[in-house]
Q: 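If you scroll down you'll find the structure; I have some questions about it.
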Amino acid sequence: MSTPTKPIALTRFLIEAQRAGHINPDLRLLIEVVARACKAISHAVSKGALGGVLGEAGTGNIQGEAQKKLDVLSNEILLEANEWGGHLAGCASEEMDDFSKIPNAYPKGNYLLLFDPLDGSSNIDVNVSVGTIFSVLKCPDGIDELKTEHFLQPGTQQVAAGYTVYGPSTMLVLTIGHGTHEFTLDRELGSFLLTKRDLRIPADTKEFAINMSNQRHWFPPMQRYASELLAGKTGPRGKDFNMRWVASMVADVHRILTRGGIFIYPRDQKDPDKPGRLRLMYEANPMSFIVEQAGGAATNGAQRILEIQPEKLHQRVAVFLGSKNEVEVATRYHLEAQG
Ligand code: AFP
């Protein structure tokens, strides 16, 4: 009987990536710090009611959403872990009004870290998977003072992106621009171990993820696309589709990376001030980078998400991502409607 190969740890994976010239030592250490912070968040999430961390924090974020205790705690864990590391010039988070500079007393590095500390947090109290999403940008050279504009770089400029999903097991999915790789947290060892190298999203799918309760607010191309999915075999698409909606983007995207599918959060007419629900810098850009690196596609219905020039830190965006051919159909319907 052959001995099973021992999975390699994240640390070794990153050292090998450094040797291959894919990352420099600073980026390697930054990713290690983020992964360590995610382990601490995983620990807090898994304690649930026993940790006294469930429920509302009694505060709201800049988008007017009520914050959960774990939203606030996860944000603090990520900030604290990264402040002293010496690899960052600043951080921006979905849970903070403005970006945070690395204080003068701490060593300052060359990267910018953007994160959604606990995505899907409305699912925490019902014990459904939640996650952390992060994106790393290079801080522009030669700047005297860090400003918001330095964060406003299109997603194509990301040097790394990842998410951790806190589910039945805790998994880290990472890209440094050379494929998308999955690591599982070995709780006894306290290490993320590589469990799948080079995830590939099938180009075709029969599964979609959307919040159907918003249907009446959608624009005509989205109505057309969804009605054709629902028509199944007897409709123009000629096949039956299945629907899944966890309402935690990390969990929905993780399923798509595992077996294909399309994730959709379209622009709608519910609140004209909000073009879509998801945030470009903390959710859409990192997830699009991860998905593209796994052979999938990601658009806002009109263009590749990674090519959008951000105008605001907390900018919202419509999202169609996942299996390439399915994203292409949904995007084509939107482009055709524009004429
Ligand atoms: P929360 O973090 O406030 O739970 O939002 C989660 C999220 O940003 C994303 O993870 C989900 O896909 C989406 O919102 C769920 O939106 P609906 O509540 O409209 O289904």
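In each ligand, atom 1 is the first atom listed, and ligand 1 is the first ligand listed.
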Q: Could you identify the single nearest non-hydrogen protein atom to atom 17 (P) of ligand 1 and state the distance to 0.1 Å?
A: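 I find the closest protein heavy atom is Asn211 ND2, 3.5 Å.
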Q: So, Trp245 versus Phe263, ring centres under 6.0 angstrom or not?
A: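 They qualify: ring centres under 6.0 Å apart.
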Q: Measure the distance from atom 4 (O) of ligand 1 to every protein heavy atom, then report the residue, atom name and distance (to 0.1 Å) of the closest one.
A: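 Here the closest protein heavy atom is Ser122 OG, 2.4 Å.
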Q: What's the shortest distance from atom 13 (C) of ligand 1 to any protein heavy atom, and which residue and atom give it?
A: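 The closest heavy atom on the protein side is Arg277 NE, 3.5 Å.
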Q: Identify, for atom 11 (C) of ligand 1, the protein heavy atom at the shortest distance, and state residue, atom and that distance.
A: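 Among all protein heavy atoms, the one nearest atom 11 (C) of ligand 1 is Ala247 O, 3.5 Å.
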Q: Within ligand 1, which atoms have a heavy atom of Trp245 less than 4.0 Å away?
A: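 So the atoms of ligand 1 that pass are 12 (O), 15 (C), 20 (O).
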Q: Using every non-hydrogen atom in the two residues, find where Arg187 and Thr170 come nearest and quote the distance to one decimal.
A: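 Heavy atoms only, the tightest pair is NH2-OG1, 3.4 Å.
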Q: Quick check: Ser121 and ligand 1, any N/O pair under 3.5 Å apart?
A: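 Between Ser121 and ligand 1, an N or O pair is found under 3.5 Å apart.
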Q: Heavy-atom pairs closer than 4.0 Å: do any link ligand 1 to the side chain of Leu278, the backbone, both, or neither?
A: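 Just the side chain.
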Q: With heavy atoms under 4.0 Å as the rule, classify the contact between Ser248 and ligand 1 as side chain, backbone, both or neither.
A: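 Under 4.0 Å from ligand 1, Ser248 contributes backbone atoms alone.
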Q: Between Phe263 and ligand 1, which part of the residue brings a heavy atom under 4.0 Å of the ligand: side chain, backbone, both or neither?
A: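 For Phe263, only side-chain atoms sit under 4.0 Å from ligand 1.
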Q: Among protein heavy atoms, which lies nearest atom 8 (O) of ligand 1, and at what distance?
A: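 Here the closest protein heavy atom is Glu283 OE2, 3.2 Å.
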Q: Salt-bridge test for Glu16 and Arg19: reply yes if a basic N is under 4.0 Å from a carboxylate O, no otherwise.
A: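 Here Glu16 does not pair with Arg19 in a salt bridge, since their nearest N and O are not under 4.0 Å apart.
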Q: Distance to 0.1 Å, residue and atom name: give those for the protein heavy atom nearest to atom 19 (O) of ligand 1.
A: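 In this structure, atom 19 (O) of ligand 1 has Tyr265 OH, 2.5 Å as its nearest protein heavy atom.
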Q: Would you say the side chain of Glu336 lies within less than 4.5 Å of the side chain of Arg224, judging by non-hydrogen atoms?
A: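 They are in side-chain contact.
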Q: Identify the protein heavy atom lying closest to atom 2 (O) of ligand 1, giving its residue, its atom name and the separation to 0.1 Å.
A: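 In this structure, atom 2 (O) of ligand 1 has Gly120 N, 2.9 Å as its nearest protein heavy atom.
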Q: Does the side chain of Met96 come within less than 4.5 Å of Ser100's, by heavy atoms?
A: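 In contact.
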Q: Look up atom CG in Leu174 and atom CD1 in Ile31, then write down how far apart they are to the nearest 0.5 Å.
A: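 Leu174 CG to Ile31 CD1: 5.0 Å, rounded to 0.5 Å.
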Q: When the aromatic ring centroids of His254 and Tyr163 are compared, is their separation below 6.0 Å?
A: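 Yes, close enough.
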Q: Is there at least one pair of N or O atoms, one from Met249 and one from ligand 1, spaced under 3.5 Å apart?
A: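 So ligand 1 has an N or O lying under 3.5 Å from an N or O of Met249.
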Q: Does the ring centre of His334 sit less than 6.0 Å away from the ring centre of Phe320?
A: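 Under 6.0 Å, so yes.
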Q: Please report whether the ring centroid of Phe134 lies less than 6.0 Å from that of Tyr282.
A: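 Between Phe134 and Tyr282, which both carry aromatic rings, the centre distance is not below 6.0 Å.
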